[in-house]
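Convention: sequence-line order gives letters A, B, ...; per-chain numbering from 1.
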Amino acid sequence: MNDQDQSSRVDGTEDLPEQLRVRREKRERLFSEGQDPYPVALPVTHELSEVRAAHSELPVDASSGQRVGVAGRVMFMRNTGKLCFATLRGGDGSELQAMLSRNEIGEQALSAWKSDVDLGDHVFVAGEVITSRRGELSVLADEWRMAAKSLRPLPVAHKELSEENRVRQRYVDLLVRSQAAETVRTRAATLRSLRDSFERRGYLEVETPMLQTLQGGAAARPFVTHSNALDMDLYLRIAPELFLKRCVVGGIEKVFEINRNFRNEGSDSSHSPEFAMLEFYEAYSDYNAMAELTRALIQEAAQSLFGTQTVTWADGSEYDLSGQWANITMYGSLSEALGSEVTPETSVETLRKHAESAGLSELDPSFGHGKLVEELWEHMVGNHLHAPTFVRDFPLDTAPLTRQHRQHSGMAEKWDLYVKGFELATGYSELVDPVVERARLEEQARLASEGDEEAMPVDEDFLRALEYGMPPTGGVGMGIDRLLMALTGLGIRETILFPLVRPE
RNA sequence: GGGCCGUUAGCUCAAUGGGCAGAGCAGUGGACUUUUAAUCCACGGGUUCAGGGUUCGAGUCCCUGGCGGCCCA
């Protein structure tokens, strides 16, 4: 297909809103004038940021003597009669002014600039690096070309997009809202910090299956998909845990993975159906040492991102992540909140009475002791925790992959880390006894057969791995999106670049 | 799953008690050789989310649905 074919293709132009139509007509006109509004290559010599860095000392109203070719998206235009200014923005967010003077570039090129260029277009400008009379570093063009014609007007650059448009058209949000671009950089820097922290401690990063033949590693409803080749249903993973434990059995004794988990559940301000998860395991560690390591990872991330462990949230408030963090026990803090002692021996009937007087009347009648304790705790205590807090020693019957507490028989060596009222991470002394693990999984399978969609089946291969001998191990899972929320104070849909939304 | 709020120009938002649908930015035309969200003059731009109903008359009131947000479970 040649350019003539492209330029002659007009697709329902008359039905479009005026601004879209005008831009399409400009594109057509450029083609008909023998110009390519989408050239394959342009003689760019410098990034905008490079020009800025090289000439930061240039005095006001001065010439550098250096000629550069730069490209960028037109964010603002200020056209006077014979002198035009445009603010170009590069992909790294840096900006540089282009100046087009009739004396320098000529009548024809200047009027073409005025008639062809719209806000949002990518343009190429070549000329000398100078500063304007107001001191603005600029490229004084002796040549300009369209680099890529934009067919849609940019939204108002000084107002935020509506929340829905931000998420649906993140590419536009990234252009007009610097906070959006900043969040992407912060997320990348957080991942880098985590990987650095693990690297320093001798951890190895691995990737384990996202498509799994059995659901396992967490209590959650999975997404189901189908393999045509194997002619069997597969699950998108809800957790990498069982594979990372296989790694530990195989001698990768300090191991971590950062990858996506998928849970077929509702989404709200702190839940997304797909979310990035960090899990890490260390042999000869336990849930106490893993709590210390988790704290260090988060503090090191805050330090490397912001140079301080007291972070400033998007709403301007400060959040202190430094120093030691509070430790409470689940049964102890719940007993205190209820004003009545609750222990692993407390009966289901008593727990239900507590739940009713706390206003939790519609709890699933199938909930047993552990689930009731956790629901009650979350309602009475967890939602009100603000400062970083480790909540220790969970009911044993909701932690089928966790070692029994070394002192309390009805409890598991498990903690949850709560930050600003949500669960950020969870850590364990892992259950490594294959016989006990088999019994736990068989109990899970029984629950599943009774209709519990979150219960896991018996994973024979996982049990076989444990039977080869897994060293005592501490393990942690931490939501990356939630870590971003804790570090920035943003909602989960701001920390995820392209969150799932219903089609328009 | 339930309740509440929202949905109007390309974008962000107005519109008395049911009476000609508006502003800013953006766009088009014009003026302007040092602007910084440039300024000034003029002009164009709407299936008011969709469908139904009440009414002489509906952006506005009623019903159903879509999408989004918040709260609750």
Practice item. Please state whether the rings of A:F394 and A:W377 are parallel, tilted or perpendicular, taking 30° and 60° as the class boundaries. Key: tilted
Review point. So does A:R502 get a side-chain nitrogen or oxygen closer than 4.0 Å to the phosphate oxygens (OP1/OP2) of B:G66?
Key: no
Revision key, fill the gap. Atom CD of A:E163 and atom C1' of B:U7 are separated, to the nearest Å, by 14 Å
**Study point:** Polar side chain donor-acceptor pair, A:T350 to A:S347, under 3.5 angstrom
**Key:** yes
Practice item. Would you check if there is a donor-acceptor pair between the side chains of A:D393 and A:T329 at a distance under 3.5 Å? Key: no
Check your understanding: Expressed as a whole number of Å, how far does the P atom of B:C61 sit from that of B:C4?
Key -> 15 Å
Review point. Considering only the P atoms, how many Å lie between B:C13 and B:C56, rounded to the nearest integer?
Key: 37 Å
Practice item. Please indicate whether A:E143 has more than 12 foreign heavy atoms, meaning atoms of other residues, nucleotides or ligands, lying under 6.0 Å from its CD. Key: yes
Point to revise | Short side-chain N/O contact from A:K159 to OP1 or OP2 of B:U12, under 4.0 Å | key: no
Practice item. Could you tell me whether A:L154 contacts a base, only the sugar-phosphate backbone, or nothing, with contacts defined as non-hydrogen atoms closer than 4.0 Å? Key: nothing
Review point. Is any side-chain heavy atom of A:W113 closer than 4.5 Å to a side-chain heavy atom of A:N79?
Key: yes
**Study point:** A:R166 vs B:G68: side-chain N/O to OP1/OP2 distance below 4.0 Å
**Key:** no
Exercise for review: Can you tell me the distance, in whole Å, between the CG atom of A:L376 and the P atom of B:A73?
Suggested key: 13 Å
Review point. Atom CG of A:D118 and atom P of B:G10: how far apart are they, to the nearest Å?
Key: 16 Å
Exercise for review: May I ask you to decide if the ring planes of A:H386 and A:Y319 are parallel, tilted or perpendicular, using 30° and 60° as cut-offs?
Suggested key: perpendicular
Review point. What do you reckon, are the aromatic ring centroids of A:F76 and A:H158 less than 6.0 Å apart?
Key: yes
**Study point:** Any donor-acceptor N or O pair under 3.5 Å, side chains A:R78, A:Q97
**Key:** yes
Review point. So do the side chains of A:T389 and A:W325 get within less than 4.5 Å of each other, counting heavy atoms only?
Key: no
Check your understanding: Over how many whole Å does the gap from A:L500 atom CG to B:G68 atom C1' extend?
Key -> 14 Å
**Study point:** Span that lies between the P atom of B:G45 and that of B:A31, in whole angstrom
**Key:** 23 Å
Exercise for review: Please measure how far the P atom in B:U60 lies from the corresponding atom in B:C20, and state the result in whole Å.
Suggested key: 14 Å
**Study point:** For RNA chain B, the residues among residues 93-103 of chain A that have a non-hydrogen atom under 4.0 Å from it
**Key:** A:Q97, A:M99, A:S101, A:R102, A:N103
**Study point:** Selection from B:G68, B:U34, B:C32 that lies nearest to any side-chain heavy atom of A:K114
**Key:** B:C32
**Study point:** Member of A:R73, A:R23, A:M77 meeting the side chain to side chain contact (heavy atoms under 4.5 Å, CB included) criterion with A:D121
**Key:** A:R23
Review point. Atom CD of A:E164 and atom P of B:C70: how far apart are they, to the nearest Å?
Key: 12 Å
Revision key, fill the gap. Note on RNA chain B: ranges paired as stems (three or more Watson-Crick/G-U pairs in a row, both atom distances under 3.5 Å) are B:1-7 with B:66-72, B:10-13 with B:22-25, B:27-31 with B:39-43, B:49-53 with B:61-65
Review point. Heavy atoms under 4.0 Å, any strand shown: does A:S162 hit a base, just sugar-phosphate, or nothing?
Key: sugar-phosphate
Using a cutoff of under 3.5 Å, can you pull out all pairs of nitrogen or oxygen atoms linking the protein to nucleotides 37-44 of chain B, with atom names and distances?
unit_1, atom_1, unit_2, atom_2, d
B:A37, O4', A:H158, NE2, 2.6
B:A38, OP1, A:M77, O, 3.2
B:A38, OP2, A:R78, NH1, 2.9
B:A38, N6, A:N79, O, 2.9
B:G44, N2, A:E18, OE1, 2.4
B:G44, N3, A:E18, OE1, 3.4

Check your understanding: Do we see a donor-acceptor contact under 3.5 Å between the side chains of A:E107 and A:S111?
Key -> no
Check your understanding: B:A26 C1' sits how many Å from A:L20 CG, rounded?
Key -> 12 Å
**Study point:** P spacing across the pair B:U36 / B:C49, given as an integer number of angstrom
**Key:** 38 Å
Point to revise | Whole-angstrom distance between B:G19 and B:G57, as gauged at atom P | key: 14 Å
Revision key, fill the gap. Closest to the 5' end of RNA chain B, once A:I130 and A:R23 are matched to their nearest nucleotides, is A:R23
Check your understanding: Do A:S49 and A:D92 get their side chains close enough for a donor-acceptor pair, meaning under 3.5 Å?
Key -> yes
Review point. Are side-chain N/O atoms of A:T398 and A:E374 paired as donor and acceptor at under 3.5 Å?
Key: yes
**Study point:** Full working for side chain to side chain contact (heavy atoms under 4.5 Å, CB included) between A:T294 and A:L417
**Key:** CA-CA 9 Å; A:T294 301; A:L417 171 61; 4.2 Å; yes
Review point. Say you pick atom C1' in B:A50 and the same atom in B:U39; how far apart are they, in whole Å?
Key: 43 Å
Check your understanding: What is the distance, rounded to the nearest whole Å, between atom CG of A:L137 and atom P of B:U36?
Key -> 17 Å
**Study point:** A:E136 vs A:N165, nearer the 5' end of RNA chain B by closest nucleotide
**Key:** A:N165
Review point. Has A:K26 got a side-chain N or O lying under 4.0 Å from the OP1 or OP2 atom of B:U28?
Key: yes
Exercise for review: Please measure how far the P atom in B:A9 lies from the corresponding atom in B:U48, and state the result in whole Å.
Suggested key: 10 Å
Review point. Whole Å only: how far is the CG atom of A:L161 from the P atom of B:C25?
Key: 18 Å
